[in-house]
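Keep in mind that what you see is a predicted model, and the values were worked out from it rather than measured.
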Amino acid sequence: MNVNFTPPSKACHNCRRRRWKCDRSLPVCQKCLSSGTECLGYNKLFVWNNGVASRGKMMGKSFEGTKGLSISKVHSQEPTPTPPPERNELVILKRTINAERGSLFTDDASPILDYVYHASSVVQWPLVDPLVQDLDVHSRYYVYHFANQLTVDMVVFDGPDVSNPIRDMIPAIAGHPMLLQVILANSAFHVFNISRDPITPSMYQEYQKPCLFSYYRDVTRFGGPFKSSYVDALVAKQEALSLLSQSVAAVHPSNIDFVLLSILLFINYDLVESGRDKWKVHMEGAKRLIKLMGTPRYQQHPMTTLRQCLLADLLVFSVLGSTMTHAAGCERLTPKSIDLEPILQYAETNNYLSCPAPLLRIMLRSFELPDTRDSPVMEVSSEIQEEVRQLLEDALAFDPKAWAKTFRPASPLEDLEMRARIAAAHRSAVCIYIARVLTDNNPLINPSSPSVLVSLTGLADDIISHVSKLHPSDPVFKCISWPLFLAGAETVDPTQRTWIMNKLDELYGVMYWGYIRTVKAVLERIWAVKDDGRGCWVIGVKEMGEELLIA
C-alpha cells in the first residue's frame with residue numbers, strides 16, 4: 001500500500017504563540033525540541049482550566065484547592081499520564097464541594113458537580129498522537145526514542161532548520177508495518193545498550209553523557225525504565241524479517257523506497273548491535289533493489305531527498321564495509337543510469353561519517369585494483385603499482401581547508417573548521433586504506449625504500465592529531481570511528497593505543513552503538529598480531545572469518 005502524507009498546514013502551537021518560524025516536522029516540531037520546549041503539536045488541544053465553567057453564570061468561578069474541568073482548545077503531547085484521583089478521593093472532593101456550595105454555588109450547580117465527578121472518572125489519559133495510539137506504551141516510547149535519539153545519530157548535523165529524511169519518514173509506519181517493526185528493533189536494542197550503563201546521581205551527567213541523561217529523563221514519562229528492551233528488540237527484529245520477505249517479493253515503484261529504507265535500518269540495527277556479519281546479507285539485498293532503481297520504471301527525475309539519503313548511506317556503508325576485505329573488483333553499487341554526483345554530494349553533507357566526496361570517489365576507484373597482499377612483491381605489476389601511486393597522490397593532494405570553503409553545509413550553524421578537521425582525518429585514513437592493498441615490503445610504503453610515498457605511522461599520527469581537537473559535543477565527533485580504527489591499526493605506540501581506546505569509550509558514551517565496542521575488540525586482536533610479528537594486520541583480521549562493518 002502506498003501511503004501519501006503531507007506536512008502540517010499550520011505551525012505548531014508553541015511556534016504560533018512565540019511567533020517562531022515552525023519547521024512543521026513530524027511527529028513533533030524540531031525547533032521546540034532544540035529549544036528544550038515540549039512541542040504541543042498541530043492538532044486541537046484539551047486542557048483543564050481553573051474555572052468551573054467556560055460560559056454562563058459559573059464562568060470564572062472556582063473553588064479553593066481544586067481545579068475545574070472546563071474544556072478548551074489544547075492538545076497534550078505528553079505520552080504518559082498523571083494517574084487520575086482515586087475514586088474515594090473524588091467522593092471526598094464532591095462532599096467538600098457540596099458542603100461549601102451555599103457560599104460558592106446556586107442550586108443549579110448540581111449538574112456541574114456531577115460532571116466534575118464523572119469527567120474525572122473517565123478522563124484518565126492525555127490524548128495520544130493517532131500515529132501511535134494503537135501501540136503499547138513500550139512501542140510508543142521506542143518510536144519516540146528513535147525520533148529523538150537515533151535519527152539524530154544518523155545524520156552529521158541535526159537541527160530545527162535541517163531536513164532529516166529518516167525522521168520525516170516516521171509517519172509512514174501507519175501504512176508500512178515492516179518499517180514500524182525495524183524502527184522498534186533499532187530503538188529497543190539502543191535502549192538495551194544504554195540501560196547497561198548505570199546512571200550516576202551527578203548534576204554533570206547531562207554534559208558527560210547526554211544520551212544516557214536524556215533516556216532516563218524521558219523514559220519515566222512512559223512508565224520506564226524498561227527491563228524488557230533486549231527481548232523487545234529481538235521480537236521486533238524477527239517480525240520485521242518476516243515482513244521483509246513478503247515486501248521484497250512484492251516490490252513496485254510506489255513502495256521500493258520504503259523497502260530500501262527498511263533494509264538500511266536493518267544494516268543500522270546491526271551497527272547498533274555489533275557491526276558483525278549480518279549487515280552483509282542486507283547490503284546484497286539493497287544492491288538488487290538499487291539495480292532495479294536504475295531501470296526506467298523505477299527511476300526518479302529529479303531524485304527525491306529520501307532516495308538520495310538512502311543511496312548515499314548505503315554507498316558509504318558499502319565502501320567502508322570493504323575495509324577488512326578491500327573489495328577488489330567490487331561491483332558498482334549504483335548502476336550507470338543513476339547519476340552518482342548528487343549522491344556523493346549528499347553523503348559528504350548529511351551522512352553521519354562526513355566523508356568528503358572527492359575522497360569517496362578515490363576509494364571507489366580503488367575497487368578496480370586487485371588485492372596483492374598475499375603475493376610476493378615481485379609479482380605486483382608495474383601497472384598496478386602505478387595505479388596505487390596515482391590514487392595515493394590524489395588523496396594526498398586533497399586540501400581539507402580549501403574543500404571546506406566550497407562546502408555547502410547542512411545548516412549555517414555548522415562549524416566548518418570542525419568539518420575541515422574530520423576531512424583531514426579522513427584523508428589520512430583513505431591513504432592507509434589504499435596503501436594496504438600492498439604488502440609491507442612494497443617500495444611505496446616500505447620506510448627503508450628510496451621511493452616510499454607515505455609513512456603509515458605518520459598517517460596514523462596525523463589522524464590522532466586531528467581527532468584530538470574534536471570534543472564529544474561537536475556534531476562531527478560521531479565521524480571519528482573509521483579513521484580512528486585505521487590509525488589504531490597502524491600505530492605501535494602504547495600511549496597512542498591507550499588514547500585511542502579512551503577516545504572510543506567517549507564515542508560510545510555519545511552514541512551507544514555496539515559496533516564501537518567491536519572496533520575496540522578488533523584493535524586488541526590487531527595489536528596482538530602486530531606485536532607477535534605475524535605479518536600484515538589486514539591478513540590477521542581476514543583470518544578471523546568475520547564480515548565487519550566499521551562505520
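- Residues Arg288 and Leu292 fail the side-chain proximity criterion, which asks for heavy atoms closer than 4.5 Å.
- Smallest separation of non-hydrogen atoms from Thr305 and Pro165: CG2-CG, 3.7 Å.
- Atom OH in Tyr512 sits 10.0 Å away from atom OG in Ser195 (nearest 0.5 Å).
- Annotation: side chain of Leu271 is not in contact with side chain of Trp279 (no heavy-atom distance under 4.5 Å).
- Judged by distance alone, with hydrogens and angles left aside, the side-chain atoms of Asn164 form no donor-acceptor pair with the main-chain N or O of Asp158 at under 3.5 Å.
- Between Phe477 and Met418 the shortest side-chain heavy-atom distance does not fall below 4.5 Å.
- The backbone N or O of Leu549 sits nowhere less than 3.5 Å from a side-chain atom of Lys280 that would complete a donor-acceptor pair.
- Between the side chain of Ser242 and the backbone N or O of Glu239, no donor-acceptor pair lies under 3.5 Å.
- Of the inter-residue distances, the one linking Lys291 atom NZ with Thr334 atom OG1 reads 11.5 Å to the nearest 0.5 angstrom.
- With sequence neighbours excluded, no residue forms a salt bridge (charged side-chain N to carboxylate O under 4.0 Å, His left out) with Arg525.
- The main-chain N or O of Arg307 is found under 3.5 Å from a side-chain atom of Thr304 such that the two form a donor-acceptor pair.
- Proximity of Asn193 to Arg517: side-chain heavy atoms (C-beta onward) are nowhere separated by under 4.5 Å.
- With a 4.5 Å cut-off on side-chain heavy atoms, Met293 and Leu311 count as touching.
- Heavy-atom minimum distance, Thr518 versus Ser274: OG1-O, 2.6 Å.
- Close placement of the Trp513 and Tyr352 rings is indicated, their centers lying within 6.0 Å of each other.
- Checked against side-chain contact (heavy atoms from CB on, under 4.5 Å), Thr349 has the following partners two or more places apart in sequence or in another chain: Phe407, Ala410.
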Does Gln149 form a side-chain hydrogen bond (donor to acceptor under 3.5 Å, both in side chains) with Asp218? I'd like the steps, not just the answer.
CA-CA 11 Å; Gln149 291 285 346; Asp218 296 338; 5.2 Å; no
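- Side chains of Asp232 and Ser229: no donor on one and acceptor on the other come within 3.5 Å.
- In this structure the side chain of Leu353 reaches within 4.5 angstrom of the side chain of Leu320, judged on heavy atoms.
- Note that CG of Leu360 and CG of Leu315 are 6.0 Å apart. Values are rounded to the nearest 0.5 Å.
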Side chains of residues 177-190: which donor-acceptor partners sit under 3.5 Å, not counting sequence neighbours?
unit_1: Asn186; atom_1: OD1; unit_2: Asn268; atom_2: ND2; d: 3.3
unit_1: Asn186; atom_1: OD1; unit_2: Tyr269; atom_2: N; d: 3.2
unit_1: Asn186; atom_1: ND2; unit_2: Val182; atom_2: O; d: 2.8
unit_1: Asn186; atom_1: ND2; unit_2: Leu265; atom_2: O; d: 3.0
unit_1: Ser187; atom_1: OG; unit_2: Tyr142; atom_2: O; d: 2.7
unit_1: His190; atom_1: ND1; unit_2: His145; atom_2: NE2; d: 2.8
unit_1: His190; atom_1: NE2; unit_2: Met511; atom_2: O; d: 2.6

So Phe485 and Ile526, side-chain contact (heavy atoms from CB on, under 4.5 Å) or not? Walk me through it.
CA-CA 10 Å; Phe485 168 78; Ile526 286 174; 3.8 Å; yes
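- Between the Asp197 side chain and the Ile194 main chain, no donor and acceptor come within less than 3.5 Å of each other.
- For the atom pair OG1 (Thr295) and CD1 (Ile338), the distance works out to 8.5 Å, reported to the nearest 0.5 Å.
- Under the ring pair (Phe, Tyr, Trp, His ring centres under 6.0 Å) criterion, His138 pairs with Phe226, sequence neighbours left out.
- At least one side-chain heavy atom of Trp499 sits less than 4.5 Å from a side-chain heavy atom of Leu484.
- With contacts defined as side-chain heavy-atom distances shorter than 4.5 Å, the pair Cys211/Val510 does not qualify.
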Run the side-chain contact (heavy atoms from CB on, under 4.5 Å) test on Val519 and Leu504 for me, step by step, so that the C-alpha distance in whole Å, both residues' side-chain angles and the decisive distance to 0.1 Å come before the verdict.
CA-CA 8 Å; Val519 169; Leu504 288 171; 3.8 Å; yes
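- Around the NZ atom of Lys10, the shell of radius 6.0 Å holds no more than 12 heavy atoms that belong to other residues, nucleotides or ligands.
- Rounded to the nearest 0.5 angstrom, His176 NE2 and Met169 CE are separated by 9.5 Å.
- Considering only residues two or more places apart in sequence or on other chains, Asp474 meets the salt bridge (charged side-chain N to carboxylate O under 4.0 Å, His left out) condition with none of them.
- Here the closest non-hydrogen pair linking Gly488 and Leu523 is C-CD2, 3.7 Å.
- Checking side-chain atoms of Arg421 against main-chain N and O of His466 turns up no donor-acceptor pair under 3.5 Å.
- Scanning for side-chain contact (heavy atoms from CB on, under 4.5 Å) contacts around Arg497 gives Thr491, Val492, Trp527, Lys530, Asp531, with sequence neighbours left out.
- A donor and an acceptor atom, one from each side chain of Gln308 and Asn350, are nowhere located under 3.5 Å apart.
- Atom CD1 of residue Ile290 and atom CG of residue Leu333 lie 4.0 Å apart, to the nearest 0.5 angstrom.
- Heavy-atom contacts from other residues, nucleotides or ligands closer than 6.0 Å to OH of Tyr230 number 12 or fewer.
- Minimum heavy-atom separation, Asp168 to Ser163: OD2-OG, 3.4 Å.
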Checking Phe146 against Thr151 for the side-chain contact (heavy atoms from CB on, under 4.5 Å) test, could you report, in this order, the C-alpha distance in whole Å, the side-chain angles of both residues, the deciding distance, and whether it holds?
CA-CA 6 Å; Phe146 183 84; Thr151 60; 3.4 Å; yes
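- Of all the heavy atoms in Ile263 and Ala286, the pair that sits closest is CG2-CB, 3.9 Å.
- The main-chain N or O of Leu314 is never found under 3.5 Å from a side-chain atom of Ser318 such that the two would form a donor-acceptor pair.
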With side-chain contact (heavy atoms from CB on, under 4.5 Å) as the criterion, how do Lys278 and Lys237 come out once you've worked through the C-alpha distance, each side chain's angles and the decisive distance to 0.1 Å?
CA-CA 12 Å; Lys278 312 177 195 83; Lys237 178 188 176 185; 3.6 Å; yes
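- Between Trp482 and Ile550, the closest heavy-atom pair is CD1-O, 3.3 Å.
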